[in-house]
Structure formats: C-alpha cells, structure tokens
Amino acid sequence: MQSYTIGQAARLLGVSPDTARRWADAGRVATHRDESGRRVIDGKSLAAFSVEIAQGDDDDASYTSARNAFPGIVTAIKLGDIAAQVEIQAGPHRLVSLLTREAVEELGLEVGMQATARVKSTSVHIDRT
C-alpha cells in the first residue's frame with residue numbers, strides 16, 4: 001500500500017505541512033515510521049481522513065446542491081457593463097467565474113475577501129463566506 005510523507009499529505013489536503021503535522025500529533029490521522037525513519041501516513045488512512053475533513057462541520061454547512069466547494073480568496077474582479085469576471089485562489093487552484101455584474105454587486109465581492117467557488121458540471125458558482 002502506498003504511504004505519504006507529512007509534506008505529501010499536506011499538498012494533497014491543501015494545507016501546510018505544519019497543519020498536517022499538528023493533525024498527526026493530535027491523533028486525527030495515524031502515522032507510522034517508514035524504513036528511513038520518516039513519519040508517513042498510509043494511503044487508506046489518508047483517504048478516509050480527507051473525506052472526514054472535506055465534510056467539515058455541519059454547523060457551517062451551506063445550503064446548496066453544488067458539492068465541489070473551493071474556499072479561497074478573491075484575487076481579481078473585472079467588471080464590464082453587464083458581465084463580470086471573478087478570480088479566486090483556492091490553495092493551489094485558480095478558479096475563474098463569469099457572472100453578471102449585478103451578482104458581483106449583490107454579493108459585495110471585493111479583492112481580498114473570502115469566497116467559495118462551487119463547481120457543478122461546467123459552471124462555477126461563487127458563494128460569499
């Protein structure tokens with residue numbers, strides 16, 4: 001079975017190595033030492049943990065049918081007369097959404113604020129967080 005170092009696991013989970021290390025130290029995900037003495041996480045444990053953290057807290061759940069959520073920060077907004085383009089950096093992912101100017105204004109989107117891009121089929125939806 002494949003094992004992942006703390007750094008590799010952090011990249012896959014979209015967090016810093018320090019965060020992944022803290023989770024391992026707190027016992028949230030099991031680690032063991034490989035033959036080189038490095039702390040590693042087996043693939044099955046990492047897969048189960050990634051599902052657990054992706055589900056998050058039910059108290060913070062949003063009410064939407066779009067399941068592929070990418071929380072991030074708004075990095076650019078280009079406003080036209082009718083349409084707008086919003087860019088969000090979500091970890092290593094840059095997401096671009098085309099929406100109406102009115103939607104951007106109603107959401108009060110600004111560069112530097114937190115937002116969540118939700119991807120469903122070929123559409124990217126923006127939720128203000």
Side-chain angles (χ1 to χ4, degrees):
M1 175 185 336
Q2 181 161 354
S3 293
Y4 298 89
T5 65
I6 296 287
Q8 290 170 324
R11 277 191 299 284
L12 290 169
L13 297 172
V15 299
S16 72
D18 287 338
T19 297
R21 200 170 290 108
R22 281 192 300 273
W23 286 340
D25 291 345
R28 290 190 63 192
V29 62
T31 63
H32 64 278
R33 301 276 177 186
D34 68 4
E35 58 279 345
S36 302
R38 298 177 301 175
R39 284 175 55 183
V40 295
I41 304 167
D42 71 73
K44 284 187 179 179
S45 294
L46 184 59
F49 183 66
S50 69
V51 170
E52 176 188 324
I53 63 171
Q55 291 173 345
D57 229 347
D58 285 340
D59 294 340
D60 293 334
S62 60
Y63 298 97
T64 181
S65 64
R67 298 291 180 234
N68 300 313
F70 295 88
I73 187 167
V74 176
T75 56
I77 298 174
K78 297 175 186 166
L79 293 175
D81 291 336
I82 296 172
Q85 177 178 312
V86 176
E87 295 182 23
I88 293 178
Q89 191 68 39
H93 309 290
R94 176 180 165 261
L95 296 120
V96 179
S97 179
L98 300 176
L99 55 163
T100 64
R101 178 185 184 116
E102 180 181 13
V104 171
E105 291 169 350
E106 285 180 5
L107 289 169
L109 294 176
E110 297 177 5
V111 171
M113 75 183 319
Q114 291 182 14
T116 300
R118 294 191 187 275
V119 180
K120 185 171 182 179
S121 186
T122 59
S123 300
V124 177
H125 303 266
I126 305 294
D127 295 340
R128 182 174 173 181
T129 52

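Every value quoted in this text rests on a predicted model; they were computed, and no experiment measured them.
Going from atom CE of M113 over to atom CD1 of I88 covers 10.0 Å, rounded to the nearest 0.5 Å. A distance of 11.0 Å separates CD in E52 from OG in S45, rounded to the nearest 0.5 Å. Note that NE2 of H32 and CZ of R39 are 11.5 Å apart. Values are rounded to the nearest 0.5 Å. Atom OG1 of T100 is separated from atom CG of D81 by 13.0 Å, given to the nearest 0.5 angstrom.
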| task | Check the pair F49, I41 against side-chain contact (heavy atoms from CB on, under 4.5 Å), reporting the backbone distance first and the verdict last. | result | CA-CA 10 Å; F49 183 66; I41 304 167; over 6 Å; no
| message | As a quick check of understanding, evaluate salt bridge (Lys or Arg N to Asp or Glu O under 4.0 Å) for R21 and D18, giving each step before the final call. | response | CA-CA 5 Å; R21 200 170 290 108; D18 287 338; 3.0 Å; yes
| Check against side-chain contact (heavy atoms from CB on, under 4.5 Å), I6 and T31 | CA-CA 9 Å; I6 296 287; T31 63; 4.2 Å; yes
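What you find for E110 and V74 is that their closest heavy atoms are O-CB, 3.5 Å. Across G43 and Y4, no two heavy atoms sit closer than the pair CA-CE1, 3.7 Å. A10 and A20 get closest at one heavy-atom pair: CB-CB, 3.9 Å. Contact record, V111 with T75: CG1-O, 3.8 Å, taken as the closest heavy-atom pair.
If you chain together hydrophobic residues whose side chains sit under 4.5 Å apart, L12 and V15 fall into the same group. Residues I73 and V86 fall into different hydrophobic clusters, defined by Ile, Leu, Val, Met, Phe, Trp and Tyr side chains chained together at heavy-atom separations under 4.5 Å. By the rule that hydrophobic residues join a cluster once side-chain heavy atoms approach within less than 4.5 Å of another member, V119 and V96 end up as members of separate clusters.
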Identify all side-chain donor-acceptor contacts of residues 101-109 below 3.5 Å with residues at least two apart in sequence or on another chain.
{"unit_1": "R101", "atom_1": "NE", "unit_2": "E105", "atom_2": "OE2", "d": "2.8"}
{"unit_1": "R101", "atom_1": "NH1", "unit_2": "G80", "atom_2": "O", "d": "2.8"}

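For residues 82-93, the pairs satisfying side chain to side chain donor-acceptor pair (under 3.5 Å) are Q85-E87, E87-R94, with sequence neighbours left out.
Looking at heavy atoms from C-beta onward, L13 lies out of side-chain contact with T19 at the 4.5 angstrom threshold.
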